[in-house]
Protein chains: 2
Amino acid sequence: MTAGTAPATAGGQEDTRTRLLATALRLFTEHGVEATSLQMIADALGVTKAAVYYHFKTKDEIAGAVAEPGLRELEVVLEEASRLRRRGARVDHLLSGFVDVVVRHRALIALFARDPGVTRALANSWSEVLSIRMMELFAGPEEDESRVIAAHAAIVGIALTGGAPQFAEMDDDTLRGHLLEVGRRLLGRPRRSA
Amino acid sequence: MTAGTAPATAGGQEDTRTRLLATALRLFTEHGVEATSLQMIADALGVTKAAVYYHFKTKDEIAGAVAEPGLRELEVVLEEASRLRRRGARVDHLLSGFVDVVVRHRALIALFARDPGVTRALANSWSEVLSIRMMELFAGPEEDESRVIAAHAAIVGIALTGGAPQFAEMDDDTLRGHLLEVGRRLLGRPRRSA
DNA sequence: GTCTATAGGCGGATAGAC
DNA sequence: GTCTATCCGCCTATAGAC
């Protein structure tokens, strides 16, 4: 640990940082973000709080880093969708892509949903931008009030239902189907023809 | 202390406690729950922290007390709904009642949705019971998976959209109408005949 | 029954030595 | 990159005055 024992990746520098994130995720999942102190993370890693602070300037930054993978996937889906020409196709692609991301990362969402503090941590970064772009794509440019409300309800409904502990045991495909249906009803999209 | 936290009755001797709750609500609204310290509340009241501590054993208890009025209204709606015979009528009554409560207390919801402590404080009390009863009434006893998902999405979608800061300026009646529509689509209820 | 004074302990965060 | 040492603010708790 001390010197020259970091065979990790090509760079070799991200060893501790990666372990830190993995440990943080585990502790966050077990106790929730707020209830997990930097001291606990440091202890679990066998280092001191200050060592943790070397890698992340703040606790929110750790939470943000833990959340990032899911957000990146969402960003990809958003870009794909925005490149489509027809509005219906854009909405459909974004909907199914969003549902995919939610289902795949539902453990993470459950975590964040339970700890609104994380929401704040994310809001500081680019998640706010993502949510604005999602709203634009879902609701369209007409600024129709009822569309905007429906889009908002769809986003939070899908995300928080997908992350709800009650449905944690449901298998991915089933959950995906149900959440798609939620989105279709709210966004006024027809069920895909069989 | 025990339970009586309803909006002051004709008592008159609950002065400090009532003032405390009003002050707490104001500060919570201004700065958020987490960012409001007992010290701030005490200072605003002109007393010491320990005086605050005398009335409420913990900060979460204050948050819970602030939230209680809305939850009590929801409970009334739930009881009314559960007394109705036809299932459709039960769903409709609960939906419109829920939307009413959400719209009326949306400032509170906005507050709670953004803050960690409150969520936890409420989970410890009876809000969990309320949400279970809501799910039962909305989804019915058949335990239909897709109904349960839709009901969950409706509840969180309505609540969090109603409390969303983006729509804070929207007037009550308009918002109510849109949220009702969200609920109707997800719960499969027809729009009231015109 | 209501409040003040005071103190413990923990949390996040920073500075600077190694 | 990691550590020691330290600051500050917060929640909680207790003892005791009025």
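So that the names make sense, note that chain A is the first sequence line, chain B the second, and so on, each numbered from 1.
Annotation for A:Y54: hydrophobic cluster partners, listed by chain and number, are none (ILVMFWY side-chain heavy atoms under 4.5 Å, direct or chained). Here A:V156 is tied into one hydrophobic group with A:L160, B:V156, B:L160, each link being a pair of ILVMFWY side chains closer than 4.5 Å.
Residue pairs meeting the ring-ring contact (aromatic ring centres under 6.0 Å, His included) criterion with at least one partner in residues 135-159 of chain A, sequence neighbours excluded, are A:H152-B:F167. Identified under the ring-ring contact (aromatic ring centres under 6.0 Å, His included) test for residues 15-49 of chain A, with sequence neighbours left out: none. The stretch residues 90-100 of chain A participates, sequence neighbours left out, in these side-chain hydrogen bond (donor to acceptor under 3.5 Å, both in side chains) pairs: A:E80-A:H93, A:D92-A:R189, A:D100-A:R176.
Taking only side-chain nitrogens and oxygens, B:H55 never comes nearer than 4.0 Å to OP1 or OP2 of C:dG1. For the OP1/OP2 pair of C:dA13 and a distance below 4.0 Å, the side-chain nitrogens and oxygens of A:T58 include at least one atom meeting the criterion. For B:S37, no side-chain nitrogen or oxygen approaches OP1 or OP2 of D:dG9 to under 4.0 Å.
Contact annotation: the side chain of A:V148 never approaches that of B:H178 to less than 4.5 Å [non-hydrogen atoms, C-beta and beyond]. Using a 4.5 Å cut-off on side-chain heavy atoms (C-beta onward), A:L38 and A:Y53 make contact.
Taking atom CD on B:Q39 and atom P on D:dA13, their separation rounds to 17 Å, with Å as the unit. We find that CZ of A:R19 is positioned 13 Å from P of D:dG1, with the value rounded to whole Å. Between the P atom of D:dT2 and the CZ atom of A:R17 lies a distance of 13 Å, rounded to the nearest Å. C:dG12 atom P lies 15 Å from atom CZ of A:F56, rounded to whole Å. C:dG1 atom P lies 17 Å from atom CG of B:D15, rounded to whole Å. Taking atom OH on B:Y53 and atom P on C:dA5, their separation rounds to 19 Å, with Å as the unit. To the nearest angstrom, P of C:dG12 lies 10 Å from CD of A:E34. Here C:dG9 presents its C1' atom at 16 Å from CG of B:L38, a figure rounded to the nearest Å.
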Please tabulate the protein-to-nucleotide N/O contacts below 3.5 Å involving nucleotides 3-5 of chain D, giving atom names and distances.
from, atom 1, to, atom 2, distance (Å)
D:dC3, OP2, A:T48, N, 2.9
D:dC3, OP2, A:T48, OG1, 3.1

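Out of D:dC10, C:dG12, D:dT2, the shortest distance to the side chain of A:K59 is found at C:dG12.
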